[in-house]
Protein chains: 2
Amino acid sequence: MRADARRNRARILEAAAAVFAEHGPSASTEEVAARAGVAIGTVFRHFPTKGDLLAAIMKDLLARLTAEAETLAKDGDPATALFAFFERMVREAADKRTVAGALSDGGGEFGVAAPVQALGEPIGALLAGAQRAGAVREDVRLDEVLALLTGLCQGALHAGWDTGLRGRTLAIVFAGLRP
Amino acid sequence: MRADARRNRARILEAAAAVFAEHGPSASTEEVAARAGVAIGTVFRHFPTKGDLLAAIMKDLLARLTAEAETLAKDGDPATALFAFFERMVREAADKRTVAGALSDGGGEFGVAAPVQALGEPIGALLAGAQRAGAVREDVRLDEVLALLTGLCQGALHAGWDTGLRGRTLAIVFAGLRP
DNA sequence: GGCTAAAGTGAGCCGGTGCTCATGATGTGG
DNA sequence: CCACATCATGAGCACCGGCTCACTTTAGCC
């Protein structure tokens, strides 16, 4: 692959991440191209379909989140790591429409069902650790945690969720998870 | 207003409610017209803008929910009425994309900011009643309850939230609200 | 430096959608 | 029953966004 092609690919990915984070998946490909400083044709050369571009962005995002969850599960304090990850994800979802979009892709709308499932694994580890540490009730299941997470992320990108409200809302959910 | 006009208006509203509930606000006006059994022009005669049609549907929906909340606040058991209303709304949101759409209209995207605020009032009454009855912690605020409600409604219309999961997830939130 | 394959370009095609308007149909008061 | 205002109709317009492709530019190798 030629050097300029690699360069442009990177610029397109960066621009797409910013544009889709701000305007959601409905943002136009032209806007991505403009932000990347390339022509439309170049975007479609690297990503034959808008869906491919979206999937690339979301896979990248989910991979980063998965890595963070794994790190937390390995090195974090089991009693607080799950809650910390919640906080982390909801904060990110608040200004990245991509997060909520990716998480709710159960139907495979963006082709990132597998990465989402992969994210579930380390979250399961976080949950198990929290339960062993006595920080979360034993009867809480992973699917419930994921449901709460997607719901909170969805809600976070809508009006009025300033930092204070976000924290207080999360606190209520955390209280519901504790024994 | 002529009789046939009233009849068609009602059919359009009914069709729009069904179509938007199923496919969300992005559904086409033509589909609404087809379902109502009228021509496109007729839809635009009654609702000059697609936004007007959406607003009408959502206002109607929110008014019904508001009425239900008021009834519950007046006649229901204060200790359980708030939870019952949560259950009710989330269940409806699960198969009506309109609910989540309307609730998250803080930015006035669909012009139903006022009806949403009106819905907040009786919910505040439900919250106050639950707190007096000792069913909800005293330090829980209305905005937190509304945030949880919107988040859960958003999450409810996405993959995997079968009845069981929905109930268990709500149970966790309820546990977080209790003293 | 010259050559070639790889990459970039952007006007344009196409399908879809919100909305209009000239025309025809119809309900209704007198 | 008739006249007319109200209403319904649907082809068509304007616009938008995904995507293509003939053509131009350029990177990298000899």
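By convention in this document, chain letters (A, B, ...) are assigned in the order of the sequence lines, proteins followed by strands, and residues within each chain are numbered from 1.
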Checklist entry - Separation of A/Arg11 atom CZ from C/dA7 atom C1', in whole Å? => result 15 Å
Checklist entry - A/Ile40 CD1 to C/dA7 P: how many Å, rounded? => result 19 Å
Checklist entry - Within this structure, what is the CZ-to-P distance between A/Arg6 and C/dA6, rounded to whole angstrom? => result 15 Å
Item to check | Under-4.0 Å salt bridge between A/Arg64 and A/Glu68 | outcome: no
Next on the checklist: To the closest 0.5 Å, what do you measure between OG1 (B/Thr42) and CZ (B/Phe47)?
Outcome noted: 11.5 Å
Checklist entry - Contact class for B/Thr29 (heavy atom, under 4.0 Å): base, sugar-phosphate, or nothing? => result sugar-phosphate
Item to check | Protein-nucleotide distance (B/Ile12, atom CD1; D/dC7, atom P), rounded to Å | outcome: 12 Å
Checklist outcome for this item: Out of C/dC19, D/dT9, D/dA8, minimum distance to the side chain of B/Lys50 belongs to C/dC19
Next on the checklist: Check the orientation of A/Phe174 and A/Phe86. Use parallel for under 30°, tilted for 30 to 60°, and perpendicular for over 60°.
Outcome noted: perpendicular
Next on the checklist: From CD of A/Glu30 over to P of C/dG8, roughly how many Å is that when rounded to an integer?
Outcome noted: 18 Å
Checklist entry - Could you give the CG-to-P distance, from A/Leu53 to D/dG17, as a whole number of Å? => result 16 Å
Checklist entry - Any idea which of C/dG8, C/dT20, D/dT9 is nearest the B/Val38 side chain? => result D/dT9
Checklist entry - Distance from B/Ile172 atom CD1 to A/Glu144 atom CD, nearest 0.5 Å? => result 4.0 Å
Next on the checklist: Students often get this wrong, so: under 4.0 angstrom with heavy atoms, is A/Ser28 touching a base, only sugar-phosphate, or nothing?
Outcome noted: sugar-phosphate
Next on the checklist: Looking at B/His46, I'd like to know whether one of its side-chain N or O atoms comes within less than 4.0 Å of OP1 or OP2 on D/dA8.
Outcome noted: yes
Checklist entry - Quick one: A/Phe44 CZ to C/dC13 P, roughly how many Å, whole number? => result 17 Å
Item to check | Lys/Arg N to Asp/Glu carboxylate O, A/Asp143 vs B/Arg168, below 4.0 Å | outcome: yes
Checklist entry - Using a cut-off of 4.0 Å on non-hydrogen atoms, how would the nucleic acid contact of A/Ala27 be classed: base, sugar-phosphate, or nothing? => result sugar-phosphate
Item to check | Selection from D/dA8, D/dT9, C/dT9 that lies nearest to any side-chain heavy atom of B/Asn8 | outcome: D/dA8
Checklist entry - If you check every side-chain atom of B/Ala39, which of D/dT9, C/dC19, D/dG28 has the closest atom? => result D/dT9
Item to check | Earlier contact from the 5' end, DNA chain C, for B/Met1 and B/Phe47 | outcome: B/Phe47
Checklist outcome for this item: Taken to the nearest whole Å, CG/B/Asp4 to P/C/dG24 is 19 Å
Next on the checklist: Using a distance-only criterion (donor-acceptor N/O pair, under 3.5 Å, no hydrogens), is the base of C/dA7 paired with the side chain of A/Arg2?
Outcome noted: no
